[in-house]
Amino acid sequence: MLLQENMGLEEKLKILADAAKYDVACTSSGVDRKGKKGYTGNTISGGICHSFGADGRCISLLKILMTNWCIYDCKYCVNRCSNDVIRTAFTPDEICELTMEFYKRNYIEGLFLSSGVVESADKTMELLYEAIWKLRNIHKFRGYIHVKAIPGADRQLIERVGFLADRMSINLELPTADSLKKLCPGKTREKILLPMRQIQAGITENRNELAIYRSAPRFVPAGQSTQMIVGATPENDYQMVSVAEALYRNYNLKRVFYSAFVPVVPDKSLPAVSGGPPLLREHRLYQADWLLRFYGFRADELLSAERPNFNIFLDPKCDWAVRHLEEFPVEVMTADYGKLLRVPGLGVRSAKRIVMARRTGRLSYGDLKKFGVVLKRAVFFLTCCGKMMIPVRMEENFITSQLMGEERKKVWDMGNENSFRQLSLFEDWKPDAVPEVTDAKKALFGEM
């Protein structure tokens with residue numbers, strides 16, 4: 001590998017921003033930091049990522065690699081040491097210049113800084129630390145900063161970075177140690193989990209210090225996250241969500257991100273992806289992840305060893321509901337908050353609004369709609385004051401067929417984002433759908 005040192009800043013930005021696109025960063029900051037006289041920028045807890053790219057991912061962070069030089073040879077990575085690509089690197093001062101100039105022009109609201117491993121983990125972590133130290137102390141930048149921690153780096157370096165960054169992350173890469181050993185020679189599960197544990201312990205210790213000394217410096221205030229690649233190895237969805245559940249429980253992670261495998265470098269160890277990246281599978285994992293974090297579900301409720309993958313035509317919550325019709329219908333006037341959360345079409349906010357509003361009077365389906373309940377899904381699973389909105393047969397096949405129409409459209413859109421069709425005033429969207437026998441008879445006799 002040769003490092004191109006005579007490149008201009010714009011050329012470096014083009015290469016290192018493109019190389020960083022496989023790191024997922026669609027996350028809110030989770031931090032409030034007000035502007036301060038003599039400093040530049042602020043951080044708003046309402047969200048950092050406000051704009052979206054063509055693939056739906058947030059892009060309001062300046063997301064770059066410090067360098068695409070890397071000593072590792074991970075089979076799926078475009079920056080693997082055996083791949084023939086142009087190598088370059090930013091200096092810490094160049095990272096500061098880019099961040100400040102982009103911020104002043106209102107292009108970004110923060111920085112997402114990752115890196116390949118140059119020379120050693122400690123050398124790379126030192127350079128990352130120098131860049132964000134200068135941003136905070138010389139350029140007085142108070143905006144959001146997300147930094148990737150380098151597995152194997154010295155504990156003191158990770159600690160120093162943690163007191164400057166808002167969020168840190170260490171990519172788990174692959175869900176099992178066997179897959180990591182196969183595709184990532186030189187990396188081990190233990191080496192990745194060690195700094196993750198250190199950051200978790202540091203956050204807990206810092207939280208206790210802040211309870212006593214409010215002026216104490218904050219350590220990784222927005223928490224830590226990780227990322228797993230979906231589809232590069234043979235693990236099923238049940239294994240993926242089980243690993244995510246364990247990470248939330250044991251490491252107090254804020255987010256587990258899922259990245260659909262994109263074949264950027266040819267390798268016989270990697271699977272052939274004939275239908276493109278597994279975006280639907282990635283989408284289902286994010287939906288399940290949301291259920292784990294906010295809706296009180298467990299991984300073994302959503303999937304099992306006998307049923308290890310998600311339904312492609314129903315989201316995980318609807319799929320669980322139609323398989324557990326004995327739990328429904330739920331009465332909105334009496335069901336507790338946890339029961340309401342399990343109703344498809346009800347979210348955290350709408351469930352809280354229902355619990356508060358029913359204290360003062362009887363609710364109607366019109367009220368539920370105002371609260372944000374998606375009645376197209378919810379009507380099959382709830383009653384309001386003892387009555388269902390429409391007559392429903394509590395049968396799995398019937399309810400599943402009613403719910404599948406909307407989901408089939410979403411699935412088709414996900415796999416055909418570059419396709420177009422004529423707009424219609426009618427709900428006529430049924431790709432590859434076989435007409436019902438009754439509909440065929442009506443069409444034959446001119447009744448429809």
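Heavy-atom neighbours of R249 CZ from other residues, nucleotides or ligands within 6.0 Å: above the threshold of 12. Within 6.0 Å of NZ on K75 lie more than 12 heavy atoms contributed by other residues, nucleotides or ligands.
Remark: R349 fails to qualify as a cation-pi partner of F371 under the 6.0 Å distance and 45° angle criteria applied to the six-membered ring. Cation-pi geometry between R307 and Y238 is not met: the NZ or CZ atom fails to fall both under 6.0 Å from the ring centre and inside 45° of the normal. For the pair R136 and W133, the cation does not sit on the ring face, since its NZ or CZ is not both under 6.0 Å from the ring centre and inside 45° of the axis.
Residue pairs that meet the salt bridge (charged side-chain N to carboxylate O under 4.0 Å, His left out) test with at least one member in residues 357-368, sequence neighbours left out, do not exist here. Listed by first then second residue, pairs satisfying side-chain hydrogen bond (donor to acceptor under 3.5 Å, both in side chains) with a partner in residues 180-192 read E173-K187, not counting sequence neighbours.
Here CZ of F310 is found 11.5 Å from NE2 of H283. Values are rounded to the nearest 0.5 Å. The distance from the SG atom of C184 to the OH atom of Y76 is 3.0 Å, given to the nearest 0.5 Å. Here the straight-line distance linking atom OG1 of T88 with atom CG of L9 works out to 9.5 Å at 0.5 Å rounding.
In this pair, W320 and H324 present their aromatic rings parallel. The plane angle is below 30°, not in the 30 to 60° band.
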Problem - Pair L180-I192, side chain to side chain contact (heavy atoms under 4.5 Å, CB included): steps then yes or no - result: CA-CA 11 Å; L180 193 68; I192 292 171; 3.8 Å; yes

Practice task
List the steps and the verdict of side chain to side chain contact (heavy atoms under 4.5 Å, CB included) for D315 and R284.
Solution key: CA-CA 7 Å; D315 69 75; R284 289 284 183 256; 4.1 Å; yes

Exercise for the section: Kindly determine whether R342 and E327 satisfy salt bridge (charged side-chain N to carboxylate O under 4.0 Å, His left out), including the steps that lead there. Expected result: CA-CA 9 Å; R342 298 206 162 206; E327 303 280 341; over 6 Å; no

Problem - Derivation of the side chain to side chain contact (heavy atoms under 4.5 Å, CB included) call for I203 and F219 - result: CA-CA 6 Å; I203 292 171; F219 182 82; 4.0 Å; yes

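Judged by distance alone, the side chains of S120 and D122 never bring a donor and an acceptor atom under 3.5 Å apart. Counting only N and O atoms by type, the side chains of E235 and T176 include a donor and acceptor under 3.5 Å apart.
Shown here are the side chain to side chain contact (heavy atoms under 4.5 Å, CB included) partners of T226, two or more places apart in sequence or in another chain: L172, M196, L247, L253, V256.
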